[in-house]
K.L.:
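Pasting a structure here, questions to come.
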Amino acid sequence: MYALVDGNNFYVSCERVFRPSLQNAPLVVLSNNDGCAISRSNEAKALGIAMGAPWFKIKELEETHGLVSLSANFALYGDLSDRMMSLVAGLGHRQEIYSIDESFVDVSGIRGDITQRAFKIRARVLQWVGIPCCVGIGATKTLAKLANHIAKTAERKPGVYPDCYAQVCHLSACTVEEKRVLLQATNVSAVWGVGRRISAQLRAGGIDTVLDLMHMDLTLARTRWSVVLERTVRELQGTPCIDLEDVTPNKKEIACTRSFGEPIVALSHLQQAVTEFASLTAEKMRRQHSCALQVLCFIRTSPFRVKDAQYSRSVVIPLMRATDDTRAIVQAALAGLSHIYQAGFKYAKAGVMLLDLQPAHWHQHELQWMDSMLIDSSTDAIKKQPLMLAMDQLNRRYGRGTLQIASAGEQAATKPWAMKQGRRTPDYTTSWDALPLARA
DNA sequence: TCTGGGGTCCTAGGACCC
DNA sequence: TCTGGGGTCCTAGGACCC
């Protein structure tokens, strides 16, 4: 049996921890570049603001309805997430941190009233971290997700479900009839793994509610759709098909992609941006002790500026051997960039991805090196370590960009491509300079 | 004027092998 | 004149997630 604990409107709730005055305000947190709304308070949702709504389209609500917007502050969210997760872990014996605001907990074999226990954890997270959350409990991860959806909806929209399911919903504790009513009242699109496309197809086939999907023929699910949907149906029926991943597997690819604050034209600026992105991916990769065999670089114009000439290309650069060295990664990314760059376009976005990752201790030597290998078995990769280690430590201690590759260009301020973040709150919990001030 | 970022998994089809 | 069967690996694209 699993519980899914999910912070409500997570980013918005994080901001409210240090700005209690925003408690009842319609509030949104914006994506990078202050582009679109990626987290909305209940009050903002009530104004009809959709997930991902572009800021310029909802900006008028600032004047008319007192809408407040803030730039995303991921350092703050990450830190509050850590605090929340460590409290939530107390719910059971094994925990999977599924995303910044969600975690699954294995609650099988836990004695006592699991619903009461969930309410207690919820209260503790609210009091100690300041984040409201909801808990869903079910026999499988898909059912726990569904229960969580019910708990959240019951809290936010009275009348859709009985009040008793608000905040904590324990599906396995329901009677068959209670469960039937809940599943029948829930749209199939609320199911984990059923997105826009598949729910449209399901509805066209007369499958509208979660109850319908649960009773769907397994063979049909597999042949007409895929094993993924079949698995979902089985999970809804109570057969666990998706295990708890309590050890986080290493990433198989690592990316850093950004939209620019303003369109850029010059190759030199793209080179600076790509250098920075490549350096960030390499640093992330070293953190999980992997090496990459391929580097992908892409650049593109903005598909939203329909009047501009459009251009979008990517290229994959294979590396001679797997590496985690920033210099090699940057070099490859820049080589790729010069290969795909075309003058005359207004570029809106670029990115670097590291592909084909493997553990850092694997070494594949190319054939022509065999001789030297026999003589000297110490490898290049090992010799390089101290420099990258020092670079990571300096950047961690004194801030990102303290030590960087020269092609990243001059420091900060003048970067024309830097992203816009007009309303960022301080790093209240992760930076000494940003500690909130308490007045007597 | 202004539209995010970072991932995973599955499938179909082609290339290739014996 | 007649031309099989079975399998793997890779890639691009689709769908989904938060």
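Bear in mind that the values here come from a model prediction, so they are computed numbers and not experimental data. Below, chains carry the letters A, B, ... as their sequence lines are ordered, and counting in each starts from 1.
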K.L.:
How long is the line joining CG of Leu354(A) and C1' of dG7(B), in whole Å?
P.N.:
14 Å

K.L.:
Any side-chain N or O of Thr257(A) below 4.0 angstrom from OP1/OP2 of dG6(B)?
P.N.:
yes

K.L.:
If you compare every side-chain N and O of Ser259(A) against the phosphate oxygens of dG5(B) (OP1, OP2), does one of them come in below 4.0 Å?
P.N.:
yes

K.L.:
Under 4.0 Å, counting only non-hydrogen atoms across every strand here, what does Phe10(A) touch: a base, just sugar-phosphate, or nothing?
P.N.:
nothing

K.L.:
With a cut-off of less than 4.0 Å, is there a side-chain N or O of Lys349(A) near OP1 or OP2 of dT3(B)?
P.N.:
no

K.L.:
Measure the distance from CG on Leu202(A) to P on dA15(C) and round it to the nearest whole Å.
P.N.:
13 Å

K.L.:
State which of dT11(B), dG4(B), dG7(B) makes the closest approach to the side chain of Val227(A).
P.N.:
dT11(B)

K.L.:
Let me know, please, whether Lys420(A) or Trp225(A) comes out on the 5' side of the other along DNA chain B by nearest nucleotide.
P.N.:
Lys420(A)

K.L.:
Of the candidate nucleotides dG4(B), dC18(C), dG7(B), which contains the atom at the shortest distance from the side chain of Ile254(A)?
P.N.:
dG7(B)

K.L.:
As a test of reading the structure: which of dA15(C), dG4(B), dT11(B) is closest to the side chain of Ser31(A), going by heavy atoms?
P.N.:
dG4(B)

K.L.:
Do the side-chain N and O atoms of Thr239(A) and Gln237(A) include a donor-acceptor pair separated by under 3.5 angstrom?
P.N.:
no

K.L.:
Starting the side chain at C-beta, find the nucleotide from dT3(B), dG7(B), dC10(B) nearest to Ser226(A).
P.N.:
dC10(B)

K.L.:
Measure the distance from OH on Tyr11(A) to P on dG5(B) and round it to the nearest whole Å.
P.N.:
13 Å

K.L.:
So which one's nearest nucleotide on DNA chain B is more toward 5', Lys59(A) or Val228(A)?
P.N.:
Lys59(A)

K.L.:
Using the side-chain contact (heavy atoms from CB on, under 4.5 Å) definition, which of the options Asp212(A), Thr209(A), Asp208(A) pairs with Arg203(A)?
P.N.:
Asp208(A)

K.L.:
Counting any heavy atom closer than 4.0 Å, what does Val191(A) reach on the DNA or RNA strands: base, sugar-phosphate only, or nothing?
P.N.:
sugar-phosphate

K.L.:
It should be established whether Lys145(A) places a side-chain nitrogen or oxygen under 4.0 Å from OP1 or OP2 of nucleotide dC18(C).
P.N.:
yes

K.L.:
From CE of Met85(A) over to C1' of dC18(C), roughly how many Å is that when rounded to an integer?
P.N.:
11 Å

K.L.:
Which whole-number value in Å describes the distance from Arg222(A) CZ to dC9(B) C1'?
P.N.:
15 Å

K.L.:
For Ala3(A), is there any backbone N or O sitting under 3.5 Å from a side-chain donor or acceptor partner on His170(A)?
P.N.:
no

K.L.:
Which one, dT8(B), dG5(B), dT3(B), comes nearest to the side chain of Phe304(A)?
P.N.:
dT3(B)

K.L.:
Check Leu171(A) against Leu143(A) and note the closest heavy-atom contact, atom names and distance.
P.N.:
CD1-O, 3.7 Å

K.L.:
Salt bridge check, Lys141(A) against Glu96(A): does any charged N sit closer than 4.0 Å to a carboxylate O?
P.N.:
yes

K.L.:
In whole Å, what separates the P atom of dT3(B) from that of dC18(C)?
P.N.:
25 Å

K.L.:
What is the base-pairing partner of dC18(B), counting Watson-Crick and G-U wobble geometry with both distances under 3.5 Å?
P.N.:
dG5(C)

K.L.:
Need one value for Lys251(A): base, sugar-phosphate or nothing, where a base atom within 4.0 Å counts as base even if backbone is also close, heavy atoms only.
P.N.:
sugar-phosphate

K.L.:
Over how many whole Å does the gap from Phe260(A) atom CZ to dT3(B) atom C1' extend?
P.N.:
16 Å

K.L.:
Can you check the Asp34(A) CG to dT1(B) P distance for me, whole Å?
P.N.:
19 Å

K.L.:
Among dG4(B), dG5(B), dC9(B), which is the nearest nucleotide to the side chain of Arg258(A)?
P.N.:
dG5(B)

K.L.:
Hey, are Thr430(A) and Asp79(A) close enough side-chain-wise for a donor-acceptor pair under 3.5 Å?
P.N.:
no

K.L.:
Reckon Asn33(A) touches a base, only the sugar-phosphate, or nothing at all at heavy-atom distances under 4.0 Å?
P.N.:
nothing

K.L.:
Nearest-Å distance, CE (Met84(A)) to C1' (dC18(C))?
P.N.:
13 Å

K.L.:
Establish, from distance only, whether the side-chain atoms of Asn73(A) and Thr425(A) form a donor-acceptor pair under 3.5 Å.
P.N.:
yes

K.L.:
Looking at dC10(B), I'd like to know if its phosphate oxygens (OP1 or OP2) sit under 4.0 Å from a side-chain N or O belonging to Arg231(A).
P.N.:
yes

K.L.:
Choosing from dT3(B), dG7(B), dA15(C), which nucleotide comes nearest the side chain of Ile198(A)?
P.N.:
dA15(C)

K.L.:
Check every strand shown and say whether Ile100(A) touches a base, only sugar-phosphate, or nothing at a heavy-atom separation below 4.0 Å.
P.N.:
nothing

K.L.:
Regarding Glu253(A), tell me which of base, sugar-phosphate or nothing describes its non-hydrogen contacts under 4.0 Å with the strands shown.
P.N.:
base

